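Here the structure comes first, spelled out in structure tokens, and everything after it is commentary.
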Amino acid sequence: MTVRTRFAPSPTGYLHIGGVRTALFNWIFARKHGGQFILRIDDTDAERNVDEALAPILSGLRWLGIDWDEGPGVGGPHGPYFQSQRAAGHGAAVERLLASGHAYRDFARPDELDEERKAAQAAGKPYLYSRRFAAFDDAAAARFATEGRTSVVRLKMPREGTLVIHDAVRGRVEFAWEREQDHVIQRADGSCLYHLASVVDDHDFAISHVIRAEEHLSNTPRQAFIAMSLGYPLPAYAHLPLVAEPGSRTKLSKRKLSQYLKNHDFKQVMEHGQRIAERIGLAADADTFNPVIVDFYREVGYLPWAIDNYMALLGWSLDDKTEFFSRDDLVRHFTLERINSSPASFDPKKLWAVQDHYMARLTTDEKLGLMLPFLVRARLVAEPPPEEAVATVRRVIEASGERLKVAGDILGYADFFLVDEPPMDDAAVKQRLAKPGVRPLLERAIAVLGGVDVFHPAEIEAACKGIADAAGLKIGDLIHPIRVAVTGKSVGPGLYDCLAILGREKSLARLARALPLCG
RNA sequence: GGCCCCAUCGUCUAGCGGUUAGGACACGGCCCUUUCAAGGCUGGAACCGGGGUUCGAGUCCCCGUGGGGUCACCA
């Protein structure tokens, strides 16, 4: 049997991090078995602008390297891949269910249903529709219609017996049919609802494995009923554990950002992103600038594979020690059996650590390629980037080493090399420059550094040590003021590297300019 | 509330009857000291509870408890 999996997002305007995990597992599983991964757009409820709401989802998936064999943009033999365009098939399925007695037209009004529900509740009994407005033949339908009633189509769910599902991650799961409701599958206007459409489309697409989040486990009986009633073989099911909130077991939600920000780690990651966003002119308060949404990571400069790798570890593991996987290894080692069944809370700090790991392994040129665009967007480098600026940035990247965790971090480490007069950080000035004795020290530095033969880190270091020794000071007493004078701030790459990259002329000019700020 | 799922360090997890309960992130301490979400070393930290089964239970069974999901003419 050919393995065919699918990810079926609805066009919501953003790609949720939990959705990424679902898409990823479907993708990996299809790749592992040489099958196909299909992208279907569940837009049956769509009155909104689908194109606009879909774009971030498609581009997010592409960015993450989750490519689809059939779906929007690539087509395929089972198209169309937009659920809204498959209405004819859904309608035909409803007719078949009606004809076979697995569904019925129901003429009840919402208030009548409410009444039944409340009565059941008051009696402390599980609600089950009485079917008293169900029309099981044309005569009944005609009678209800003359009363001015309109009808929807409901599933005629079994009221005895048990459904047994063999879930790939949960094992055997049982449901009593009598607890299942007669769900509506078609509205009065003929449009069909999600469960019906989904089952029909999955069958039409020959989906072999339905891999989705656990929130759908309870939906499985009604979907299985639809499939069985239509004579479809059931797909294999695998219900993934929920991606939960940081430090909790509750489903992660885009709307609870302000609550998550109370979590220290979450807040740190968010604020770090905001600093970058502000510098590249991105609306950091935008709805989608949110660590629950993939755009956040892309905009801040995370590596897509770091996200994939981290997400793969959320609910799945290979063994007790392997944490980093190449794409091929992940596909090779992945099995549904090793998916965990308990909810996994999303830990932005751990993602950060995975990101750190991969970023540290990039070559300078790779980092350059990722980081230059950030500098361009922040208007620190012209477009196209002049050769000189590129050379400077390359040296900054090398000097910064593992301090650069995400591509956007380059902004804070390269800015003072790329502008003529970097802004001076007040706190840093106060702490390092505006102190007695600093001015003569800097004057001495100007004199000595002006005479250094070659303006390279090693020579600069020797010169600085000479100054400190002569003055009977610790090297730090000299270096901190110089750093602030030259870069405007108190953090950055190693100072000797900074001076060398900046060059003698600019270094001395900046030292001179800082003199009036000294104590 | 009904139904369903889940339960090992704060978090992600390993464990598939006999382990000093392992790893990673986070956290603490120490070192380095030229800053840092830089680096090095190091430490603390877990089997939800109660019954069984068994020579032996984190591991199997049952019952509690706790957490979560779902119960739409949303997807």
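These numbers were taken from a predicted model, which means no experiment stands behind them. Residue numbers start from 1 in every chain, and the chains themselves are labelled A, B, ... in the order their sequence lines are given, proteins ahead of strands.
- In this structure, the nucleotide among B:rC73, B:rC5, B:rA75 sitting nearest to the side chain of A:D42 is B:rA75.
- As the counterpart of B:rC36, no nucleotide is assigned, since no Watson-Crick or G-U wobble pattern has both distances under 3.5 Å.
- Taking atom C1' in both B:rA46 and B:rA26, the straight-line distance is 15 Å, to the nearest Å.
- Considering only side-chain N and O atoms, A:R21 lies nowhere under 4.0 angstrom from the phosphate OP1 or OP2 of B:rC12.
- To the nearest whole angstrom, the two C1' atoms, one in B:rU53 and one in B:rC62, are 11 Å apart.
- Using atom P as the reference point in both B:rU11 and B:rC47, the two lie 12 Å apart (nearest Å).
- Taking the P atoms as reference points, B:rG15 lies 43 Å from B:rC73, given to the whole Å.
- Base pairing annotation: B:rU70 forms a Watson-Crick or G-U wobble pair with B:rG2, both donor-acceptor distances under 3.5 Å.
- In this structure, A:R149 is not positioned above the aromatic face of A:F107 in the sense of NZ or CZ being under 6.0 Å from the six-membered ring centre and within 45° of the axis.
- With both pairing distances under 3.5 Å, B:rG10 is matched to B:rC25 as a Watson-Crick or G-U wobble pair.
- Across B:rC3, B:rA38, B:rA75, the shortest atom-to-atom separation from the side chain of A:R179 is found for B:rC3.
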Reading 5' to 3' through nucleotides 24-30 of chain B, protein heavy-atom contacts under 4.0 Å coded B for base, S for sugar-phosphate only, - for none:
BSS----

Return a single string for nucleotides 66-71 of chain B, one symbol per nucleotide in 5' to 3' order, where B is base contact, S is sugar-phosphate-only contact and - is none, cutoff 4.0 angstrom on heavy atoms.
-SBBS-

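- Residues that satisfy the side chain to side chain contact (heavy atoms under 4.5 Å, CB included) test with A:A471, not counting sequence neighbours, are A:L441, A:L473.
- Atom CZ of A:F175 is separated from atom P of B:rG2 by 17 Å (rounded to the nearest Å).
- Among the heavy atoms of the strands, none lies under 4.0 Å from A:R212.
- One can place CG of A:L313 at 17 Å from P of B:rG23, the figure rounded to the nearest angstrom.
- Under the 30°/60° scheme for interplanar angles, the aromatic rings of A:F225 and A:H102 are found to stand perpendicular.
- Per the geometry, NZ belonging to A:K118 stands 16 Å off C1' belonging to B:rG1, to the nearest Å.
- For the pair A:R21 and A:F25, the distance from NZ or CZ to the six-membered ring centre is under 6.0 Å and the angle to the ring normal is within 45 degrees.
- Nucleic acid contact class of A:G315 (heavy atoms, under 4.0 Å, all strands): sugar-phosphate only.
- Proximity of A:L433 to A:M424: side-chain heavy atoms (C-beta onward) are separated by under 4.5 Å at one or more points.
- Relative to the ring axis of A:F416, A:K489 does not place its NZ or CZ within 45° and under 6.0 Å from the centre.
- Among the heavy atoms of the strands lying under 4.0 Å from A:V491 is at least one base atom, whether or not backbone atoms are also near.
- Distance check on atom C1': B:rA45 versus B:rG22 gives 14 Å, rounded to whole Å.
- Taking 4.0 angstrom as the limit, A:T44 places none of its side-chain polar atoms (N or O) nearer than this to OP1 or OP2 of B:rC74.
- For A:D320, counting side-chain heavy atoms from C-beta on, the closest listed nucleotide (B:rU13, B:rG22, B:rA37) is B:rG22.
- A:G494 comes within contact range of at least one nucleobase, with a heavy-atom separation under 4.0 Å.
- No engagement by A:P246 is indicated, since no non-hydrogen atom pair under 4.0 Å with the nucleic acid exists.
- Rounded to whole Å, the P atom of B:rU70 lies 36 Å from the corresponding atom of B:rG28.
- Inspection of the A:D347 and A:Y310 side chains reveals no N or O donor paired with an N or O acceptor under 3.5 Å.
- Atom-to-atom, OH of A:Y194 to C1' of B:rC74 comes out at 11 Å; the value is rounded to the nearest Å.
- The same atom, P, is picked in B:rG51 and in B:rU13; the two are 30 Å apart, to the nearest Å.
- Mapped onto RNA chain B by nearest heavy atom, A:A188 and A:K405 fall at different nucleotides, with A:K405 at the one closer to the 5' end.
- Between A:E461 and A:P110, the residue whose closest nucleotide on RNA chain B is further toward the 5' end is A:E461.
- As judged by a 4.0 angstrom heavy-atom cut-off over every strand, A:S490 is placed among the base-contacting residues.
- Separating the NE2 atom of A:H480 from the C1' atom of B:rC36 is a distance of 11 Å, rounded to the nearest angstrom.
- In this entry the distance linking CG of A:L240 with P of B:rC12 reads 16 Å, nearest Å.
- Tested against A:K251 for a side-chain hydrogen bond (donor to acceptor under 3.5 Å, both in side chains), the candidates A:E214, A:E245, A:E215 yield a single pass: A:E215.
- Using cut-offs of 30° and 60° for the angle between ring planes, the A:H357 and A:F324 rings count as parallel.
- Shown here, B:rC60 forms a base pair with B:rG52; the pair counts as Watson-Crick or G-U wobble because both key distances fall under 3.5 Å.
- With C1' as the reference atom, B:rC32 and B:rU19 are 37 Å apart, rounded to whole Å.
- The side-chain tip of A:R154 points at the ring of A:Y129 from less than 6.0 angstrom away and within 45° of straight on.
- Separation of the A:F205 and A:Y81 ring centroids falls under the 6.0 Å cut-off.
- Between the CZ atom of A:R170 and the C1' atom of B:rC6 there is a distance of 7 Å, given to the nearest Å.
- A:L313 and A:E323 make their closest contact through CD2-O, 3.3 Å (heavy atoms, listed as atom of the first residue, atom of the second, distance).
- Distance, A:R109 CZ to B:rC73 C1': 15 Å, rounded to whole Å.
- Put simply, the side chain of A:R403 and the base of B:rC36 share a donor and an acceptor less than 3.5 Å apart.
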